Structure formats: C-alpha cells, structure tokens
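Notes follow once the structure below has been shown.
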Amino acid sequence: MKIRNIKLLFLISFIFVGSLTTSVASVSYQIGVSPNNQLIWNCNVCNKVELNNIFGSEWDKSGVLTNLSVGSRMKWNITSTLSNETIKRIKFDIWYWNLKTDWGSRDNLSQIIFPSNPEDFSGDMSTLYKYSFISFWFPIPVGEYMGALKLNTIYDVDNRVLPTININILKDNFSPGYPNKDITIIAFYNDRGILSSYKLYSKGNKVIIDIALDYLPFYVIPTLIGLIIIFIIGVTYYIKRNRKLTAFLSKIKK
Amino acid sequence: MSFKSKVTTISKHLWEQKIFRFAIALHSFYFFLSIVLFFLFFQEKNDFLIFYEVGDIFINDIENLYNQTSYLWDFRYFPLSAVFFIPFSFFNFKAAFVLFSILNLVLNFLISLVLYKVIALIKNKAHEKDDKRVIVYICIYLMGLPHILNYIYGQINLYITLFILMSLFIFLKYKSIKWQLFGSIILGISIIIKPTAFFLIPFLVIANIDIKKKSLKIDISRTLIRFTGVMIPLLLNFIVFGMYPSLWGGFLDTNFTGSNPVALNFSFSISKLITNFCYFYNIAFNQLFILLGVTIIVGGLGFVGYIIRRFDTDSILYGYAFGIIIMLLVYYDSWDHHLLNLIPILIIILFNLPRNSEITNSIKPSLFFFNFFDLAFVGVWYLIYPVFPFNFEATIFLVVVLYGLLKYCIKRNSGRIQD
C-alpha cells in the first residue's frame, strides 16, 4: 500500500510538471514608474580633467550628463507613462545636474521610448545616449528586457545577480579620438527599471564617473542591523563555547 | 547473496530509519520544487541554457565557443567540457532540462553510495561500529539546501562531486601504479567538465617534510604518475586550443580579465569580497593581481600546511579538502551550490577524525552552515547590498575550516588513532 502511494505521488508530480511545460506564458513587460514619481541621482565622482581627455570638452553640454560635477544632483519628475502592445514610454521633467538645494523650475522635458518587445529595438544605444552610452530607465522585468535587446558587441548584459550592463569601449571605437582612451562602464538597475549605479572607468579600473540613485528601500538598514546583531551573538557564543570546551578537554586530560 | 537481494536488504535497512525516509521525502520535494520553479520563473535565467547552447556551438561553430554574445551568461569552462553537453542539445530545451535534472537526482544517490563506501574505508576506530551515524550524515547531505539552487540552475556540480569522490576512493583503497593513474585521470575529467577541482592538482603530490628532522620524503614515481594522469584529460583541451588558436584568448579573457569579475555580486570568495570592496569604495584595482595575491596567500598556506603535516594515513583526503577550500576562497565566483563539492569531503573528514577531536568542533558548525544556512544569507545580501555588498558569512566558515585543518596538520599530537 505504501509503495503504491509513493508511485502515485511520483505519477501526479510528473503529470503536474508535464502540464507546466505547456502552460508557461511569455514575459509581459511593464513600466516600473508612475506619474509624479521623483527620481534623484547623486554624483559621487566626476573627474572632469580625465573626461575632457576622453571625450573632448563637449561631453557635459547636452544629454543626461549636462553640467555633471562632484556632489551635484539630477532630478526627473515622471509626468506620464504609456504602455501598449507596441511601445513603453515615459515622459518626464528634468532638472539637470546642479548643486542647488532648491530645485526651482525644470530645465527641460524629455521622454524615453522602448518597443514593448525588446527584440524590436533597432536603435543604437551608443548614438541615442551619447557620452552616457545607456538609458537611465528600462521597462521591467529589467534583467529579462535588457537581456533580450539586440545590442552591439560593446554591450554585455549580465542579469545573473543584479541586472547589469557592462560596456567595454576601445579607444577610437566610434571615430578617431572618440573616445580617446579605453573605457569601461558598469551600470546596474533596480527592480523598477531605474538606474541604481553608473560607474565609468578608465584603464586600471580607475573611476572617472560614479552616479548613484538617491533611494534606499525601507528594509535595508533594519536588515543590516539584524545581521550585525546575529554576527555579534554568533561570535560571542563561539568564543564562550570554545573556552568551556577547552576547559573541559584539559580537565579530561588531567 | 545475489545483487538484487543485496540491494533489497540494503534498501530495507535504510528505509527502516526515520531520518532516511525524511531525507528522501525532502530531497524529492527539492527536486520537484526546482522543476516547478524552473518552468514558472527560471526558464530564461538559467545556467543550463549556456550548457545547452555550448553543445550545439561545439558541433556547428566551434570558433565562436568563447564568443559571449552567443550566451545568456559567459561560458568559462575548458572547450572539451562542451562535448559533455552535446547529447542534451539534441532535445528541445525543456525536455533537456528535465532529463538533466533527473540525471542530477540519480547522481545524488550515486554520490551517497560512494560517500558511504569512502567513510567505511577511512572511519576512525573511535567512532561507533554500526553505520547509523554515517547514514545520518549522508541524509544531512541529501537534505542540504544548496541542492535547490543546483537543480534550479541546471548546474553541473554533482558530476564534479562524484568524480572527486570516485578518485578519492581509488586513491585511498588502491596503492598500485595503475590505480593511481586511473584515479588521477578521473580527477582530470572532472576538471575538464568544470575547473572546481583545479587546485586539487598540487595536493596529488605524495610528499612530506619533517621539520624536526629536516628531511623530505617524496614518492616520485607515484607522484609523477598522478600528475601525468590528471594532465592527460587537461592536455586534450590544449590540442583543441592548438587547432583553434582564437579559443585560447577567449578562454583567458573570460576567466581572468573580462568585465564580469568586476561587477557586484554575492560570491563569497575572498577575491570577490575584495573586488566588491574596491567597486563599492571606488578604489582602482586589477582583478588579476587580486586573484594572484589571494591564491598565493591562501593556496600557499594550505599547501605548506599539507606538506609539513605530521601524519601520512589518509592524507589525500585532507589534500582534497584544502584544494576545494582554496578554490572556493580564491576564484571570483563561489556560489552556494558550489558547496556541494565541499560538504561530502567535510563529512568524510568528520568520520576520519577522532570523535572528540578539537577540529571537529570547527568543522561541524561550518558543515551545518553550508548545508542549511548559507542560502539564507544570499537572500540577506539582496536586502542589504545597496549599503553592504559583502556576502562574508560563508567566507568566515571556510576560513574556520581552513584554520582547523592547518592546525590539525601542524599539531604534534592530533589524537589520530592510526591503523
């Protein structure tokens, strides 16, 4: 009876697994931000001398790196989103990089459009986003979306752990002097499809630009404190136990 | 007694034990859960996708074997490892994954069997005569949480574990030259499939330095045979590199200098913790120098400890433990499921040590951490990586085991009951 039950359990499991193979739907992409969401990025490192050497003096005159400097911040205010079968679009007000505490009125308005099916993306990311080489926003699930994009060979999407884009650009890759040195960019995104961290490196992994999203999920600090407490308790327990054990073993030996 | 009746008797004996029934039920749950999770969430985010592709590329477009645009994630292993995956590329992807998972399940039972055999061979006389405790530990291995990720990702760690245990069994049981060659060839094949066992090679040396007497004892012929055996399968790869020179550059770039070693992740190797630190605090670094530095320090400590050990019996077992721990601490990518290579070795060591040995107390907590808790800390890493991107807990337990083994090798009276 027992063996029959086990056989039955295995049979049901196999049928269940078999049925799953035919019922899996393809990924449906969404927009991870909503109107009135405010996104702020901080610039932690900006080596202007090195950037001038690499890109020339025009790199901070237009685009998403406009006026970039150490300690400056950039803000986007999402004004509308559109998600249908053909496109995913966000429109937003933009305050370019500045050191002001009061944001004041917006500097510009802009939009980002991606096809709903990433395989339909035919643009060249390095032309669309000159100097930054990437978009600061993608549809979600971001790892799957980026992984399905057909990008040119300088891009390597690694969504194994964090949705990450690695970009390796050799000197003179696009035209003579652009860029003027080999550079590497590592950018990763959060689960809302927003750029979390952007680092531009020159040779020897020297950081030239470091941009980070100014947002910390509520659970981060409590979890870290919990981990520290567990660690302290663990170490204390281990030391106490070891002392007791050593005393016990020496007693036995005596 | 016929083979069939022998199997029936053993099965009955095992089934009578509650923990065995529980382990089988739990392991079956892991297996089915992994397949369900694969079909629901992980079909397009899976290591097996790469293995599946690589078999096809090896047959049809070998020049592009290390062209990473062909894969979801980088293919890093030796070129001949692709041969192993060719049969799977004849099926459709989903069927190939299910077949591969079933093979993984079978492998786990083979591993349990070899584990039992090895323990029976090396069990310290201070342990119980019956096999109840051995079965408990084999059940603990089967209940290990790293199996879940190993199944979900379609990983190949179990093949490595089986080959490592088989070669260990051969080295421990047979001393003749032909068996030494055979054991090391098996180890070489495991390195072809995945280089996890690469750092086991130096520990094949049969040598011992007696510091007090200032003498070196070395069995040159058997050492050479072992090195020859392990190199035969590896050198076959170099024939492929010779035939397709572009593959060599791709192999080196992917493994040692590409951008992937820089990206932030939850690997628990010391090299990765250092690169994560440099990444997080914007410190310029060279990942290859970090790898070499950590290899020299950790590998050097392990090797010196092994060579100056104060015992000979079953020493290869400790060499294997050093080799795997060094690999896990040194190479950039050390994931939870890689612990499936180490856990059986630690279990064997527990039975090789005297019951009340001092280092049992450092190995046991580490074994339980690797088997049941490490996975939870991977989850914790995801929660705290924006402010603390270091999955350091497994690293500490690995260092504790390394320290324990070093102490055991160096200490004058380690409490061994020699045969």
Side-chain angles (χ1 to χ4, degrees), chain A residues 9-10 13-14 16-18 20-21 23-24 27 44-45 143-144 147-148 151 153 155-162 164 166-168 184-186 188 190 196-197 199 201-202 204-207 210 212-213 215-217 219-224 226-227 230-231 234 238 241-242 245-246 249 252, chain B residues 15 24-25 28 31-32 35-36 38-41 43-45 47 67-69 72-74 92 94-95 97-98 258-260 262-267 275 278-287 333 335 356 358 361-362 365 377-378 380-389 392-393 396 400:
Chain A
L9 184 73
F10 270 81
S13 305
F14 272 112
F16 175 59
V17 169
L20 278 170
T21 63
S23 63
V24 175
V27 185
N44 303 318
V45 176
E144 280 77 355
L151 300 171
T153 51
Y155 291 90
D156 174 27
V157 174
D158 180 1
N159 55 12
R160 197 167 34 155
V161 177
L162 300 171
T164 306
N166 301 300
I167 312 169
N168 288 304
T184 300
I185 293 165
I186 300 177
F188 63 83
N190 67 15
S196 273
S197 167
K199 296 198 184 199
Y201 296 87
S202 68
N205 292 323
K206 190 179 161 199
V207 180
D210 174 9
L213 183 69
Y215 171 72
L216 208 56
Y219 49 77
V220 174
I221 299 299
T223 314
L224 184 62
L227 182 71
I230 290 172
F231 185 70
Y238 182 76
R241 211 191 71 159
N242 254 18
L245 195 76
T246 316
L249 287 175
I252 291 174
Chain B
W15 198 251
I24 294 292
S28 306
F31 174 76
F32 288 116
I35 289 186
V36 169
F38 166 80
F39 281 110
L40 290 179
F41 305 112
Q43 277 189 71
E44 290 169 12
K45 211 175 170 185
D47 288 314
N67 179 357
Q68 305 303 346
T69 53
L72 173 67
W73 300 322
D74 289 2
N92 78 48
K94 290 171 188 171
F97 179 83
V98 174
S259 54
N260 270 352
V262 183
L264 215 54
N265 66 42
F266 54 77
S267 162
T275 59
C278 294
Y279 176 90
F280 197 63
Y281 292 105
N282 292 331
I283 299 165
F285 67 98
N286 180 312
Q287 60 265 38
D333 288 349
W335 313 117
N356 58 352
E358 259 181 65
N361 296 311
S362 60
F377 285 93
V378 172
V380 169
W381 184 89
Y382 272 105
L383 296 177
I384 61 170
Y385 80 86
V387 290
F388 191 77
F392 68 97
E393 297 83 3
I396 289 180
V400 166

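By convention in this document, chain letters (A, B, ...) are assigned in the order of the sequence lines, proteins followed by strands, and residues within each chain are numbered from 1. As the structure is a computational prediction, the values presented were derived from the model and not from experiment.
Residues A:V161 and B:L264 are not in side-chain contact: their nearest non-hydrogen atoms beyond the backbone lie 4.5 Å or more apart. A 4.5 Å side-chain heavy-atom check between A:L162 and B:Y382 finds at least one atom pair inside the cut-off. At least one side-chain heavy atom of A:L227 sits less than 4.5 Å from a side-chain heavy atom of B:F392.
Minimum interatomic distance between B:K45 and A:E144 (heavy atoms only, all atoms of both residues): CD-OE2, 4.0 Å. Contact between B:N282 and A:K199 at its shortest, heavy atoms only, is OD1-NZ, 2.7 Å. Closest approach of B:A284 and A:K206 over heavy atoms only: CB-CA, 4.0 Å. When all heavy atoms of A:I186 and B:A263 are compared, the closest pair comes out as CD1-N, 4.4 Å.
Interatomic distance, A:S197 OG to B:Y385 OH, rounded to the nearest 0.5 Å: 9.0 Å. Atoms CG and CD1, from A:N205 and B:I283 in turn, are 11.5 Å apart once rounded to the nearest 0.5 Å. In this structure, B:F388 CZ and A:I221 CD1 are separated by 12.0 Å, a value rounded to the nearest 0.5 Å.
Chain B forms more heavy-atom pairs under 4.5 Å with one residue of A:T164, A:L151, A:L224, A:N159 than with any other, namely A:N159.
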Exercise. Can you list the steps and then say if B:S362 with A:Y238 is a side-chain contact (heavy atoms from CB on, under 4.5 Å)?
Worked result: CA-CA 10 Å; B:S362 60; A:Y238 182 76; 4.2 Å; yes

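If you measure heavy-atom distances from A:F188 to chain B, the contacts under 4.5 Å come from the side chain alone. Residue B:Y279 touches chain A through both its backbone and its side chain, counting heavy-atom pairs closer than 4.5 Å.
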